2 protein chains.
Amino acid sequence: MKIAPEKFRFAALAVDVPVYGLINGKLHGLIAPVNRPPHYVNVEGFLGGMVDAKENALEAAQRVLQEKGNLKDVYLEQLYTFSEVDRDKRNRVVSVAHLGLVRPDTAAAYAHPHAHFVPIQKLHDLAYDHDEIHRAALARLRGNITHSTIAQFLLPRHFTLTELQSLYEMILGHELDKRNFRKKILALEILKDTGRMQEGVRNRPAALYTFTTTKLQELPLIA
Amino acid sequence: MKIAPEKFRFAALAVDVPVYGLINGKLHGLIAPVNRPPHYVNVEGFLGGMVDAKENALEAAQRVLQEKGNLKDVYLEQLYTFSEVDRDKRNRVVSVAHLGLVRPDTAAAYAHPHAHFVPIQKLHDLAYDHDEIHRAALARLRGNITHSTIAQFLLPRHFTLTELQSLYEMILGHELDKRNFRKKILALEILKDTGRMQEGVRNRPAALYTFTTTKLQELPLIA
DNA sequence: GCAAAAGTGTTAGGTATACACCCATGC
DNA sequence: GCATGGGTGTATACCTAACACTTTTGC
């Protein structure tokens with residue numbers, strides 16, 4: 001395979017990866033300083049980078065997270081391709097954005113000199129078109145959480161039903177009824193009781209659950 | 001804005017556009033011969049082409065349909081970006097696939113020397129990764145038809161409830177109850193009775209309906 | 001009058017919602 | 001013993017699904 005003729009290769013192909021994770025029970029997004037004078041200084045953005053000649057977009061996203069964020073085992077799915085001519089004021093760069101989700105242990109262990117997790121409400125005025133990417137990512141998350149087991153990629157391996165419900169509430173943006181939520185989610189048989197209990201809490205310890213599957217699973221409809 | 005450094009511009013950026021339309025009440029996809037020796041000869045594929053330096057992917061898709069299919073006023077939405085390294089055996093080409101839908105009048109008027117509409121069941125063994133694009137497009141259509149008014153882009157301006165139901169059945173792949181379907185779809189208030197009737201049919205003429213909106217509208221859930 | 005598709009309601013079962021109190025633990 | 005969050009059931013309203021016959025037209 002050879003490269004395409006010059007006249008078709010005006011654009012650089014990139015990936016941008018909005019990564020979200022729970023920190024102290026709140027949704028955060030991972031951003032890092034962007035420094036590309038003269039257009040982008042004193043500004044932050046999601047992790048991103050160029051796609052290599054020998055990898056597809058998903059592989060590029062994995063590599064970028066590894067290289068620029070020291071992150072492994074991140075759940076990734078393709079989100080949307082941003083191709084506005086001037087989305088990067090320096091050059092024509094087309095970006096295949098991927099949604100990334102990390103579990104709290106990964107997120108907490110994450111200590112990069114530059115990149116850091118910021119509460120999603122504070123993610124604005126980002127570099128390039130990353131505000132738009134952020135909106136698209138949250139919309140995707142909202143759509144997925146009611147139709148799949150995507151929550152499993154944001155929660156620790158063992159979690160309480162209250163933690164799960166709280167995640168749903170944060171993503172959906174409204175409160176849910178505790179009894180109804182439990183009835184519905186348990187009826188789906190996607191969770192199993194580990195038999196273990198919370199420890200070291202100063203109230204009645206909650207039962208710890210885990211997802212029965214490690215893969216993303218489509219669901220009829222929750223919440 | 002200048003172009004990116006050479007080392008990042010190894011890939012060509014393309015669009016591929018699976019276009020679907022109703023012909024004689026059946027779903028068809030639009031394909032044309034592909035002739036790119038030595039890898040792609042005697043094979044067909046969806047319309048596609050390169051993205052220009054001064055347009056975004058959606059604009060490229062519109063232009064490609066205009067130039068290669070003489071098609072205007074096609075409903076388009078971004079589908080998925082296909083970036084496998086060897087998806088095009090000649091060169092590295094990354095393609096932003098877009099789903100296209102045309103109304104029967106547009107589809108019927110369409111008479112290109114090469115491109116032609118083929119029943120969706122017969123769309124296989126296409127060039128490049130177009131079989132995969134076809135599957136992704138149908139899956140998207142299936143997901144959208146129950147959550148939006150996307151059916152409006154496949155039907156004539158005036159249509160009968162039976163035609164609408166039949167479209168739902170073809171896309172969902174199973175039959176629906178006539179009375180229940182009518183109740184639900186009318187309750188959504190997305191249709192209005194035009195007051196006109198079918199003419200020239202040799203059975204009781206059906207009432208003609210039209211969508212109240214010309215834009216895509218999200219719905220709670222149909223069928 | 002016959003063939004073909006249009007149009008129309010009711011019932012039963014299941015699902016969604018609203019709602020409040022007792023329980024186990026740490027301090 | 002008190003503060004904190006965990007855990008549980010019922011009654012009602014709503015929605016879904018199943019189902020068959022009469023009507024209008026062209027020929």
Side-chain angles (χ1 to χ4, degrees), chain A residues 22 24-26 104 142 145-147 151 155-156 158-210 218-223, chain B residues 22 24-26 104 145-147 151 155-156 158-170 172-210 218-223:
Chain A
L22 289 175
N24 299 325
K26 302 278 181 220
R142 229 176 288 125
I145 200 153
T146 49
H147 293 84
L155 290 170
H158 293 182
F159 52 87
T160 69
L161 293 182
T162 300
E163 286 167 349
L164 180 63
Q165 180 179 342
S166 157
L167 175 59
Y168 271 77
E169 291 174 343
M170 278 185 289
I171 292 175
L172 295 175
H174 59 87
E175 302 206 334
L176 300 169
D177 180 271
K178 181 159 65 162
R179 279 173 291 192
N180 294 338
F181 179 78
R182 284 165 185 237
K183 253 180 294 180
K184 255 193 272 189
I185 208 94
L186 291 174
L188 293 170
E189 303 192 336
I190 53 174
L191 302 182
K192 72 164 177 277
D193 192 330
T194 62
R196 301 185 54 220
M197 289 281 163
Q198 266 184 326
E199 284 173 26
V201 286
R202 72 174 186 290
N203 49 37
R204 177 173 172 177
L208 292 172
Y209 286 81
T210 192
E218 299 288 317
L219 295 178
L221 185 67
I222 327 173
Chain B
L22 289 175
N24 299 326
K26 302 278 180 219
I145 201 154
T146 47
H147 293 84
L155 289 170
H158 294 183
F159 52 88
T160 70
L161 293 181
T162 299
E163 285 167 349
L164 180 63
Q165 180 178 342
S166 156
L167 175 59
Y168 271 77
E169 290 174 343
M170 278 186 289
L172 294 174
H174 58 89
E175 302 206 334
L176 300 170
D177 179 90
K178 180 159 67 160
R179 279 174 290 193
N180 294 338
F181 179 79
R182 284 165 186 238
K183 254 179 293 180
K184 254 192 273 190
I185 207 96
L186 291 173
L188 293 170
E189 302 192 336
I190 53 174
L191 302 181
K192 72 165 178 277
D193 191 332
T194 62
R196 299 185 54 221
M197 289 282 165
Q198 265 185 326
E199 283 172 28
V201 286
R202 72 175 186 290
N203 49 35
R204 176 171 172 178
L208 293 171
Y209 285 80
T210 191
E218 299 288 317
L219 294 178
L221 186 66
I222 327 172

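Source: prediction; values computed, not measured. Computed over heavy atoms, backbone and side chain alike; hydrogens, waters and symmetry mates excluded. In what follows, every chain begins at residue 1, and chains take the letters A, B, ... in the order their sequences are listed.
- D:dT24 atom C1' lies 15 Å from atom CD of B:Glu199, rounded to whole Å.
- Across the interface with DNA chain C, nearest-nucleotide mapping of A:Val201 and A:Asp177 shows A:Asp177 to be the residue nearer the 5′ end.
- The CG atom of B:Asp177 sits 9.5 Å away from atom NZ of B:Lys184, with the distance rounded to the nearest 0.5 Å.
- Separating the CZ atom of B:Arg182 from the C1' atom of D:dC19 is a distance of 16 Å, rounded to the nearest angstrom.
- Taking the side chain of A:Arg202 as heavy atoms from C-beta on, and the options C:dT8, D:dT24, C:dG26, the nearest nucleotide is C:dG26.
- The side chain of A:Asn203 lies closest to D:dG5 when the candidates are C:dT17, D:dG5, D:dG7.
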Collect all protein-nucleotide pairs involving nucleotides 10-12 of chain C in which both atoms are nitrogen or oxygen and the distance is under 3.5 Å.
unit_1	atom_1	unit_2	atom_2	d
C:dT10	O4	B:Lys183	NZ	2.9

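- Remark: A:Thr162 is in phosphate contact with D:dG6, judged by side-chain N or O atoms under 4.0 Å from OP1 or OP2.
- Evaluation of the side-chain contact (heavy atoms from CB on, under 4.5 Å) rule for B:Glu169 yields B:Gln165, B:Glu175, B:Leu176 as partners, not counting sequence neighbours.
- Atom-to-atom, CG of A:Leu188 to P of C:dT15 comes out at 12 Å; the value is rounded to the nearest Å.
- Side-chain proximity of A:Ala207 to the nucleotides D:dG7, C:dT17, C:dT8 is greatest for D:dG7.
- Nearest approach of B:Leu208 to B:Asp193, heavy atoms of both residues: O-OD1, 3.6 Å.
- In terms of heavy atoms, A:Tyr209 sits closest to A:Leu161 at CE1-CG, 3.6 Å.
- The heavy-atom pair separating B:Lys26 from B:Met170 by the smallest distance is CA-SD, 3.8 Å.
- Rounding to the nearest 0.5 angstrom, the gap separating the CD1 atom in B:Ile190 from the CD1 atom in B:Ile185 is 4.5 Å.
- Annotation for B:Leu191 and B:Phe159: closest pair CD2-CZ, 3.7 Å, computed over non-hydrogen atoms.
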Short heteroatom pairs, N/O only, protein and nucleotides 20-22 of chain D, under 3.5 Å:
unit_1	atom_1	unit_2	atom_2	d
D:dA20	N1	B:Arg179	NH1	3.3

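- Note: CE (B:Met197) to C1' (C:dG7) measures 10 Å, nearest angstrom.
- In terms of heavy atoms, B:Leu155 sits closest to B:Glu163 at CD2-O, 4.4 Å.
- For the pair A:Glu175 CD and D:dG5 C1', the computed distance is 15 Å after rounding to whole Å.
- Look at NZ on B:Lys184: it is 7 Å from C1' on D:dT16, rounded to the nearest Å.
- If you take CZ of B:Phe181 and P of C:dA5, they are 18 Å apart, rounded to a whole angstrom.
- The distance from atom CG of A:Leu164 to atom P of D:dG6 is 12 Å, rounded to the nearest whole Å.
- Nearest heavy-atom pair, A:Gln198 versus A:Pro205, reported as atom, atom and distance to 0.1 Å: O-CB, 3.3 Å.
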